[in-house]
Amino acid sequence: MPEGNVIHNQARRLRTRFRGKQIAVDSPQGRFASDAERIDGRTLEKVEAHGKHLFMKFGDLWVHVHLGLFGKWRIGKGEAPEPRGQIRMRLRGADGYAELRGPTVCELLDEDSKKAAVARIGPDPIKKSDPTPAWERVERSSAPIGGLLMDQRVFAGVGNIYRAEVLFRHNISPYRPGKRVSRGEFDAIWDDLVLLMAQGTKKGRIDTVRPEHLPEIMGRRARKDRHGGEVYVYRRTGQPCHLCEAEVQMAEMGGRKLYWCPGCQPE
DNA sequence: GCCATATGGAAAG
DNA sequence: TTTCCCTATGGCA
């Protein structure tokens, strides 16, 4: 259940363990079996992350993986254990193994298709991309900024947690149309995403609460949530805002749950 | 055991 | 806008 920070972290781990080595590729579950055969035994030359997409180069073919909501990697040292459950793709090298479960996408692409797939992905804060294309989309869009942040063609790698939290940190209502976001606000959001997502990649969790607010929330923190980090509004529906005592709101936007504080982020 | 839920996105209508 | 896909997990009975 990953946002871009997780994907970049996994790319680094896969790179460390497998790059430059001969890899046995198979599909214990079977759904990737015929593709796996085509690259089985080849050398893994590159591992790239673009937003939430992962690409692995095996000669003239790329494996394209998108974890979606359910996908998971399990990466380990030494001999691979007996397959358990649904393993779509398995990599085994001299140094360890990796199991891929439940991805939305696991496919083979040739060089051109890979390039086209990358081209569809917007600027990625973790790669410190040039945000200009994102600004151009936001500036002339009447869609709500809360939706634009989740649009991977606009902001690559941003997911539901970063979307909610970055808008809170800048006191912007998720319902405000993109065209009503000023250049100054956009720049502040982008710079903040660069910082937050780099941190999230390094730490393996998403913390968005500013240090000066930490003492205030320690006293009344609800039970630890699964995502594990300290946040202002994500999944805190009905609880008091850490800063203004208004109740955190939740609504559906584009089929995903949106969280915000009506006090700190007025429309 | 059963049900709801999950950091996502494409396809169908 | 809704439906569907993919898998695991936590809360509950």
Side-chain angles (χ1 to χ4, degrees), chain A residues 1-11 27-33 35 49-55 63-75 81 83-90 98-107 109 113 116-118 120-122 124-126 143-144 146-169 174 193 196-209 222-238 248 250-260:
Chain A
M1 306 177 267
E3 303 195 21
N5 63 308
V6 174
I7 309 304
H8 282 266
N9 191 294
Q10 289 166 338
S27 174
Q29 172 205 53
R31 288 188 46 183
F32 188 64
D35 286 326
H50 300 267
K52 299 171 189 167
H53 297 257
L54 180 78
F55 299 89
V63 178
H64 173 212
V65 173
H66 193 296
L67 295 182
L69 197 47
F70 314 119
K72 274 185 172 50
W73 280 104
R74 176 177 167 200
I75 302 167
R84 282 228 313 272
Q86 300 292 311
I87 304 177
R88 183 79 61 86
M89 178 174 68
R90 184 168 64 157
E99 298 171 342
L100 173 65
R101 295 163 198 276
T104 290
V105 176
C106 177
E107 62 182 359
L109 300 178
S113 311
V118 171
R120 274 180 244 121
I121 304 168
D124 181 347
I126 296 180
L148 293 169
L149 277 163
M150 293 284 279
D151 185 336
Q152 299 300 297
R153 296 164 300 182
V154 184
F155 295 90
V158 176
N160 210 7
I161 304 178
Y162 283 120
R163 174 263 290 269
E165 295 296 309
V166 80
L167 288 173
F168 179 90
R169 281 166 62 97
L193 286 172
L196 288 174
M197 294 177 78
Q199 244 179 57
T201 305
K202 200 164 179 180
K203 296 205 300 192
R205 50 183 268 166
I206 299 179
D207 290 297
T208 59
V209 173
R223 62 181 163 67
K224 269 283 187 210
D225 213 333
R226 259 203 301 275
H227 63 87
E230 295 295 354
V231 295
Y232 288 108
V233 292
Y234 176 69
R235 274 175 61 119
R236 294 195 60 247
T237 314
V248 173
M250 189 273 283
E252 298 265 332
M253 180 186 275
R256 307 297 305 283
K257 287 183 174 168
L258 167 69
Y259 304 88
W260 80 100

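Please read all numbers here as calculations on a predicted model, not as lab measurements.
The number of heavy atoms from other shown groups lying within 6.0 Å of NZ (A:Lys202) does not exceed 12.
The separation between A:Ile121 atom CD1 and B:dA10 atom P is 10 Å, rounded to whole Å. Here C:dT9 presents its P atom at 10 Å from CZ of A:Arg84, a figure rounded to the nearest Å. Counting to the nearest Å, the C1' atom of B:dG8 and the CZ atom of A:Arg163 are 12 Å from each other. The CG-P distance, from A:Leu149 to B:dT7, rounds to 16 Å in whole Å. Between A:Leu193 atom CG and B:dT7 atom C1' there is a gap of 14 Å when expressed in whole angstrom units. Summarising the geometry, the separation between CZ on A:Phe155 and P on B:dG9 is reported as 14 Å, rounded to the nearest angstrom. Rounded to a whole Å, the CD1 atom of A:Ile87 is 12 Å from the C1' atom of C:dT7. Regarding A:Arg101, its CZ atom lies at a distance of 17 Å from the C1' atom of B:dA6, rounded to whole Å.
Below 30°, between 30° and 60°, or above 60°: for A:Tyr234 and A:Tyr259 the angle between ring planes is above 60°, a perpendicular geometry. Ring planes of A:His64 and A:His53: parallel class, angle under 30° (limits at 30 and 60°).
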What pairs of nitrogen or oxygen atoms, one from the protein and one from nucleotides 1-4 of chain C, lie under 3.5 Å apart?
none

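On the P atoms, B:dG13 is 13 Å away from C:dC5, given to the nearest whole Å.
Residues A:Ile161 and A:Glu3 form a side-chain contact, since some pair of their non-hydrogen atoms from C-beta on lies under 4.5 Å apart. By the 4.5 Å heavy-atom criterion applied to side chains, A:Lys257 and A:Glu252 are counted as neighbours. Side-chain atoms of A:Glu99 and A:Pro83, non-hydrogen and from C-beta on, never get closer than 4.5 Å to each other.
Between A:Arg235 and B:dA6 there is a side-chain polar atom (N or O) within less than 4.0 angstrom of OP1 or OP2. Remark: A:Arg256 is in phosphate contact with B:dT7, judged by side-chain N or O atoms under 4.0 Å from OP1 or OP2. Residue A:Tyr234 places at least one side-chain N or O under 4.0 Å from the OP1 or OP2 atom of B:dT7. A close approach under 4.0 Å does occur between a side-chain nitrogen or oxygen of A:His66 and OP1 or OP2 of B:dG9. Phosphate proximity of B:dG8 to A:Lys52: present, with a side-chain N or O under 4.0 Å from OP1 or OP2.
Toward the 5' end of DNA chain B, the nearer of the two residues A:Gln152 and A:Lys257, judged by each one's closest nucleotide, is A:Lys257.
Looking at heavy-atom distances under 4.0 Å, A:Arg31 makes contact with sugar-phosphate atoms alone, never a base. Across all strands shown, A:Gln29 has heavy atoms under 4.0 Å from sugar-phosphate atoms exclusively, and none from any base.
Residues satisfying the salt bridge (Lys or Arg N to Asp or Glu O under 4.0 Å) test with A:Arg256, not counting sequence neighbours, are none.
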